[in-house]
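Everything on this sheet refers to the single structure shown next.
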There are 2 protein chains.
Amino acid sequence: MPAPSAAAQSTKERILGAAEELFARHGFEGASLRQLTSAAGVNLAAVNYHFGSKDRLVEEVFRRRLDQLNGHRSTALAKVAGLPETTIEDVLAAFIVPALELSHDAGGQLFMRVLVRAFAEDDDTLRKFLSDNYRHVMRMFTSEFARLLPHLTKEEVYWRVDLVTGALIHAMSGIGMIQRRSDVTEHEHRELTAEHLISFSAAGLMAR
Amino acid sequence: MPAPSAAAQSTKERILGAAEELFARHGFEGASLRQLTSAAGVNLAAVNYHFGSKDRLVEEVFRRRLDQLNGHRSTALAKVAGLPETTIEDVLAAFIVPALELSHDAGGQLFMRVLVRAFAEDDDTLRKFLSDNYRHVMRMFTSEFARLLPHLTKEEVYWRVDLVTGALIHAMSGIGMIQRRSDVTEHEHRELTAEHLISFSAAGLMAR
DNA sequence: CGTATGCTCAAACGATCGTTTGAACTCGCC
DNA sequence: GGCGAGTTCAAACGATCGTTTGAGCATACG
């Protein structure tokens with residue numbers, strides 16, 4: 001076993017990092033294992049040795065990030081859920097800020113593009129995997145939104161939360177018109193994004 | 001030249017139809033020309049004969065739909081732009097309804113998934129192509145929104161229109177939680193989607 | 001009728017794909 | 001030192017990729 005204190009990351013971690021980037025740039029089928037292992041500086045056979053197959057590697061890329069995102073969202077929500085003084089903006093912040101913070105380390109925005117791709121895939125196995133890893137936390141948020149919006153039907157809440165999700169994904173994936181200006185730091189841009197998303201979404205959720 | 005009055009579509013049209021579906025399902029690199037030509041019922045070499053290359057076919061798939069979408073949006077906007085009695089909801093309807101109507105014929109929703117994929121691609125040529133075909137109409141809408149929201153800065157308008165776009169794409173691509181219930185027709189679902197999108201987005205645009 | 005043109009077809013091209021193989025290497029441990 | 005498990009490596013596997021080729025077919029025009 002190589003010493004974990006060594007300067008370089010482990011082979012598995014290097015593969016996961018390169019995979020996240022290349023899957024985002026070229027898609028799951030567009031990124032080849034040869035590109036991937038070359039970018040990671042590991043041998044071609046290392047992917048099948050450590051992950052079994054390319055498909056399992058794809059799942060591992062998702063699991064790593066989704067666990068992180070779900071964890072941060074859950075703890076953020078737990079701090080405000082059920083309290084009488086909690087506002088829509090508080091819950092939205094618990095929903096949005098952890099997602100934006102995912103892009104703190106370099107791979108985060110790329111991961112969002114991977115996620116967008118994944119949902120557009122027709123691969124039922126992958127979609128089910130994502131749904132299973134995503135639904136639980138989403139339920140907690142929708143029920144909290146429902147508590148704060150008692151005049152709306154359950155279905156209406158689903159609709160609006162889904163639209164918030166769309167706006168969030170769009171803003172995070174960096175595929176829209178809004179790009180970070182060169183005169184603002186990444187940190188400032190993230191805070192700006194959060195502010196715009198929260199005020200826009202809060203108004204949308206409370207419509208009528 | 002085969003008679004255009006014949007029952008079957010032309011080879012080019014059959015290829016374009018199959019391409020739209022398979023690109024949406026499997027991505028541009030994931031859908032092979034062999035799958036595609038087989039699904040279209042044409043010979044493998046027909047793609048290179050009629051379109052020159054697979055990349056040019058991809059562009060043609062986009063051009064066909066984007067021209068359609070841009071046209072419908074422009075005429076819808078022209079009916080309300082600049083008028084004193086025009087509301088935010090009117091402009092939003094001109095922005096949203098033509099997009100939703102794209103899914104009237106079967107390929108529409110699939111096309112939206114293709115579009116989502118395309119924006120997630122790292123292919124600069126493709127992104128520039130899309131941007132060139134998209135920006136013009138977007139400018140008309142943002143300036144009309146800016147007229148109706150004079151208290152907002154230009155940058156604020158950009159942000160909010162971008163978030164509306166994200167919600168729209170998300171709702172159209174069918175990748176979110178909201179799916180058409182089996183007890184509502186596709187037409188009814190489209191109207192429901194438009195209503196939710198417009199009321200949600202109008203509130204978001206007018207926030208504060 | 002003969003020929004030119006537009007199109008379709010089966011077959012093949014070289015390149016690249018994910019995966020497998022078996023030998024070589026690197027350790028901790030007896 | 002030497003065995004053995006864990007890992008890396010170059011090489012090769014068959015399959016499939018986008019593209020090209022050249023023959024064959026259909027229709028239009030002289």
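Source: prediction; values computed, not measured. Numbers restart at 1 for each chain; the letters A, B, ... are given by sequence-line order, proteins then strands.
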key: Residues in salt bridge (charged side-chain N to carboxylate O under 4.0 Å, His left out) contact with B/Arg135, at least two apart in sequence or another chain   = none

Under the ring pair (Phe, Tyr, Trp, His ring centres under 6.0 Å) test, residues paired with B/Phe141 that sit two or more places apart = B/Phe95

query = Base, backbone or nothing for each nucleotide of nucleotides 13-20 of chain C, written B, S, -, heavy atoms under 4.0 angstrom, 5' to 3'?
reply = ----BBBB

key: Integer-rounded Å distance: D/dT7 C1' and A/Ile15 CD1   = 11 Å

query = Which residue pairs pass the salt bridge (Lys or Arg N to Asp or Glu O under 4.0 Å) test when at least one of the two sits in residues 162-176 of chain A, sequence neighbours left out?
reply = none

task = Spell out, as yes or no, whether a donor-acceptor pair under 3.5 Å connects the side chain of B/Ser201 to the backbone of B/Ile198.
result = no

message = According to salt bridge (charged side-chain N to carboxylate O under 4.0 Å, His left out), who are the partners of A/Glu144, at least two apart in sequence or on a separate chain?
response = A/Arg147

side-chain N/O B/Thr11 vs C/dT8 OP1/OP2, d < 4.0 Å = yes

query = For the pair made of NE2 in B/His50 and P in C/dG6, what is the distance, rounded to whole Å?
reply = 12 Å

ask   = Once you build an axis from the first five pairs and another from the last five of the helix from C/dC1-D/dG30 to C/dC30-D/dG1, how far apart in angle are they, to 10 degrees?
value = 20°

ask   = Under the side-chain contact (heavy atoms from CB on, under 4.5 Å) test, which residues partner A/Asn43, sequence neighbours left out?
value = A/Ala45

task = Apply salt bridge (charged side-chain N to carboxylate O under 4.0 Å, His left out) to A/Glu155 and list each qualifying residue two or more places apart in sequence or on a separate chain.
result = B/Arg181

note = When rounded to whole Å, the CG to C1' distance for the pair B/Asn43 and C/dC9 reads 5 Å

Which residues share a salt bridge (charged side-chain N to carboxylate O under 4.0 Å, His left out) with B/Arg56, sequence neighbours left out = none

